[in-house]
Amino acid sequence: MSGCENARRRAAPSRPRRIWTKESGAGFMPTEQELIAQRYAKLEALRQAGADPFAIHRFDRTHTTAQAVAEITAVEAQTGDQTDWDSIHLPARLCGRLMAKRDQGKAIWADLHDGEGKLQLWVRKDLLGDGFAGFQDLDLGDIIGCEGTLFRTRRGEPSLRVESFVLLAKALRPLPEKWHGLQDTETRYRQRYVDLMVNSEVRELFRKRSRAVSGLRRYLDSQGFLEVETPIMQTLYGGAAARPFITHHNALDMDLYLRIAPELYLKRLLVGGLERVYEIGRMFRNEGVDTRHNPEFTMVEAYQAYTDVEGMMRLTEGMLCALAEAANGSLHCTYRGMKIDLTPPWPRLSLLESVKEVTGVDFGCLGSDAEAQEACRDLDLLEVQDASLAGLLDKAFERYVQPRLVQPTFVVDYPVVISPLAKRKAPGSDLTARFELFVGTEEVANAFSELNDPVDQRQRFEAQVAMRAAGDDEAHPMDEDYLRALEYGLPPAGGMGMGIDRVMMVLCDRPSLREVILFPHLRPEE
RNA sequence: GAGCCGUUAGCUCAGCUGGUAGAGCACCGGACUUUUAAUCCGAGGGUCGGGGGUUCGAAUCCCUCACGGCUCACCA
């Protein structure tokens, strides 16, 4: 079956349809199906002529567009102001996507885009001869390879004088408009390939993200950390307060959980003697989707033996600075109009003190949920569903303190009840040696001195199990193997986790997590 | 899960108190060998997100469903 027939079948029109031909002539205004059919017709003609683009396996280029521009500039640096391009022969073979065509009859100016940039093509009938008509038949979006000589035009545009070209892949669908590009948010996320194709700033953003993660790896490696991989499918989940996704293993006939955090596995590695480990990977949490939450997201977690939450502060500073330097080449950035300076060291702020300062409510003096509800009566926390002491504290902080945390700030002294894996500040204390990092009002990291007392840890798990029985489906399940590992001896250690997507949102000044995730989760079409 | 907003040509968008659909780009025909949002001449496309209702008449008003966006809830 030819592609052309395929396209027509998909069109499935309910009325007689016009089929494009060369003879359709003036007045032919195509619908999308007809635009596609036109291109299939061109493809079919090429196949008939023995020039099937999809039969080609490779194209050996000599230059990317960036290299071509660099070479032109280098020659000019040698020849001075009056570079005579007629007497210079700079052969080059380039390939990429045809993104613009300016037809002048016997010559065509065109723009060739590749992974690094673009180069203008000058296509002349007297140089191509019979091949010129073939170039005229190309559509925007077609992927081509070109051979010719490099030069710069009178207007100063680096260009390739094309001597021959070959179609390497036919674009069978029309591209979005050249000037406004693709704006529709939904289409941008659903068809990210089109978004990347036409919106250069989107390409740059994801390059930045890639550079940032590389920079983070380099930093952690340089600090003596070992990158490891732990199970994504787990028989028991833990390490965070969240509901998991459940999947099923057929051969073993058992349900498995997609991890909500790698924490408990990474600390098992500390028990085993790997003293500095980290993992960068995808986490899965079965919860709502909004501008700050995607069901799958990327997190880095790092664990270091023989240090504590203080050590994690220094490590976190180093990690975020490495990310920022790699992404932006700077420790300064702007997020939602806020100017942020990431230069360490960063200040600390007590959770309880900060809430007390802003709201006047001293949660440290409150003993019960009822007392907390009474104390919060004048605060704007009416819709909060979890009206427990911890829930109200959390919400009061989020609503009154967090919006003020523009510059990087370590919020410290989290209560034990919401920190089941963190070490107490001192024996018997209700506070833990923990911090959460806020930058640009966003929470981006969480860290603490790791609880290594198996007896205390068992009691904490039991408390979680009780909360679970009381209806909290985000509380930890009991993990006997983890407790067994602690019984072998976990050295005192610090551990931290940082949301890479959140960090990129801040570093790239994007209004939504979806903007920094290549394929954010969306409901299916139709 | 709730509230508000949105969905019109392939893309970007107009379309007023209801009178039967518009532009730019893209596409098609023609001219043009230094253009770069090329230009000029010509041609003129649509299930107005889907379904239902009100009306002589609906892109427009009402109901409903789908998808998206924002806010809240949930959540780190």
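Chain A is the first sequence line, chain B the second, and so forth, proteins listed ahead of strands; every chain is numbered from 1. Since we're looking at a predicted model, the values are computed, not measured. Any value given below was found using the heavy atoms of this structure, including those in side chains, with hydrogens, waters and symmetry copies removed.
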Problem - Who pairs with rU71(B) - Watson-Crick or G-U, where each distance is under 3.5 Å - result: rA2(B)
Problem - P spacing across the pair rC62(B) / rG18(B), given as an integer number of angstrom - result: 11 Å
Practice task
Classify the side chain of His293(A) versus the base of rC75(B) as yes if they form a donor-acceptor pair under 3.5 Å and no if they do not.
Solution key: yes
Practice task
Quick one: sort the Phe461(A) and His476(A) rings into parallel, tilted or perpendicular, breaks at 30° and 60°.
Solution key: tilted
Fill in the blank from the handout: When Ser512(A) and Leu140(A) are each assigned the nearest nucleotide of RNA chain B, the 5'-most assignment goes to Leu140(A)
Practice task
With heavy atoms under 4.0 Å as the rule, sort Thr291(A) into base, sugar-phosphate or nothing.
Solution key: sugar-phosphate
Exercise for the section: Tell me what Arg152(A) touches on the nucleic acid: a base, only sugar-phosphate, or nothing, going by heavy atoms under 4.0 Å. Expected result: nothing
Practice task
Determine the minimum heavy-atom distance between Ala212(A) and Leu323(A), stating which atoms define it.
Solution key: O-CD2, 3.3 Å
Practice task
Check every strand shown and say whether Ile108(A) touches a base, only sugar-phosphate, or nothing at a heavy-atom separation below 4.0 Å.
Solution key: nothing
Practice task
Count the heavy atoms belonging to other residues, nucleotides or ligands that lie under 6.0 Å from CG of Asp84(A), then report whether that count exceeds 12.
Solution key: yes
Practice task
Examine rU39(B): is either OP1 or OP2 under 4.0 Å from a nitrogen or oxygen in the side chain of Arg102(A)? Give yes or no.
Solution key: no
Practice task
Determine the contact category for Asp290(A): base if any of its heavy atoms lies under 4.0 Å from a base atom, sugar-phosphate if only primed atoms, P, OP1 or OP2 are that close, otherwise nothing.
Solution key: base
Practice task
Using a 4.0 Å heavy-atom cut-off across all strands, classify Glu177(A) as base, sugar-phosphate, or nothing.
Solution key: base
Practice task
Identify whether any heavy atom of Ala110(A) sits under 4.0 Å from a base atom; if not, whether one sits that close to sugar-phosphate; answer base, sugar-phosphate or nothing.
Solution key: nothing
Completion exercise
Whole-Å distance, Leu182(A) CG to rG68(B) C1', equals 14 Å
Fill in the blank from the handout: Answer for the Watson-Crick or wobble partner of rC40(B), both distances under 3.5 Å, is rG30(B)
Practice task
Kindly give the heavy-atom pair with the smallest separation between Val194(A) and Pro176(A), and that separation in Å.
Solution key: CG1-CG, 3.5 Å
Handout entry: rC74(B) OP1/OP2 closer than 4.0 Å to side-chain N/O of Lys395(A)
Key = yes
Problem - Sugar-phosphate only, base, or nothing, as touched by Glu442(A) at under 4.0 Å among non-hydrogen atoms - result: nothing
Practice task
Select one nucleotide: of rA37(B), rG68(B), rC27(B), the one nearest the side-chain heavy atoms of Gln38(A).
Solution key: rC27(B)
Practice task
Using a 4.0 Å heavy-atom cut-off across all strands, classify Arg292(A) as base, sugar-phosphate, or nothing.
Solution key: nothing
Practice task
Report which part of the nucleic acid Arg188(A) touches: base, sugar-phosphate, or nothing (heavy-atom distance under 4.0 Å, all strands).
Solution key: nothing
Practice task
Measure the distance from CG on Asp184(A) to C1' on rU7(B) and round it to the nearest whole Å.
Solution key: 8 Å
Problem - Geometric class of the Trp346(A)/Phe410(A) ring pair [parallel <30°, tilted 30-60°, perpendicular >60°] - result: tilted
Completion exercise
Ranking Arg434(A) and Thr153(A) by the position along RNA chain B of their nearest nucleotide, the one closer to 5' is Thr153(A)
Practice task
Look at the side-chain N and O atoms of Arg154(A) and state whether any lies under 4.0 Å from the OP1 or OP2 oxygen of rU34(B).
Solution key: no
Exercise for the section: Determine the contact category for Lys178(A): base if any of its heavy atoms lies under 4.0 Å from a base atom, sugar-phosphate if only primed atoms, P, OP1 or OP2 are that close, otherwise nothing. Expected result: sugar-phosphate
Exercise for the section: In whole angstrom, give me the gap between the C1' atoms of rG49(B) and rA58(B). Expected result: 16 Å
Practice task
Could you tell me the separation between the CD atom of Glu474(A) and the C1' atom of rA73(B), rounded to a whole number of Å?
Solution key: 13 Å
Completion exercise
Paired to rA9(B) by Watson-Crick or G-U wobble criteria (both distances under 3.5 Å) is none
Practice task
Can you tell me, in whole Å, how much space there is between the C1' of rA37(B) and that of rA26(B)?
Solution key: 12 Å
Exercise for the section: Compute the centroid of each ring, for Phe438(A) and then for Phe397(A), and state whether the two points are separated by less than 6.0 Å. Expected result: yes
Exercise for the section: Remember a base hit wins even if backbone is also touched, and classify Gln120(A) as base, sugar-phosphate or nothing at under 4.0 Å, heavy atoms. Expected result: base
Fill in the blank from the handout: In whole angstroms, the gap separating C1' of rU34(B) from NZ of Lys106(A) amounts to 16 Å
Problem - Side chain Glu32(A) and base rC27(B) donor-acceptor under 3.5 Å - result: no
Exercise for the section: Decide whether a cation-pi geometry holds between Arg161(A) and Phe151(A); the criteria are a distance under 6.0 Å from NZ or CZ to the six-membered ring centre and an angle within 45° of the ring axis. Expected result: yes
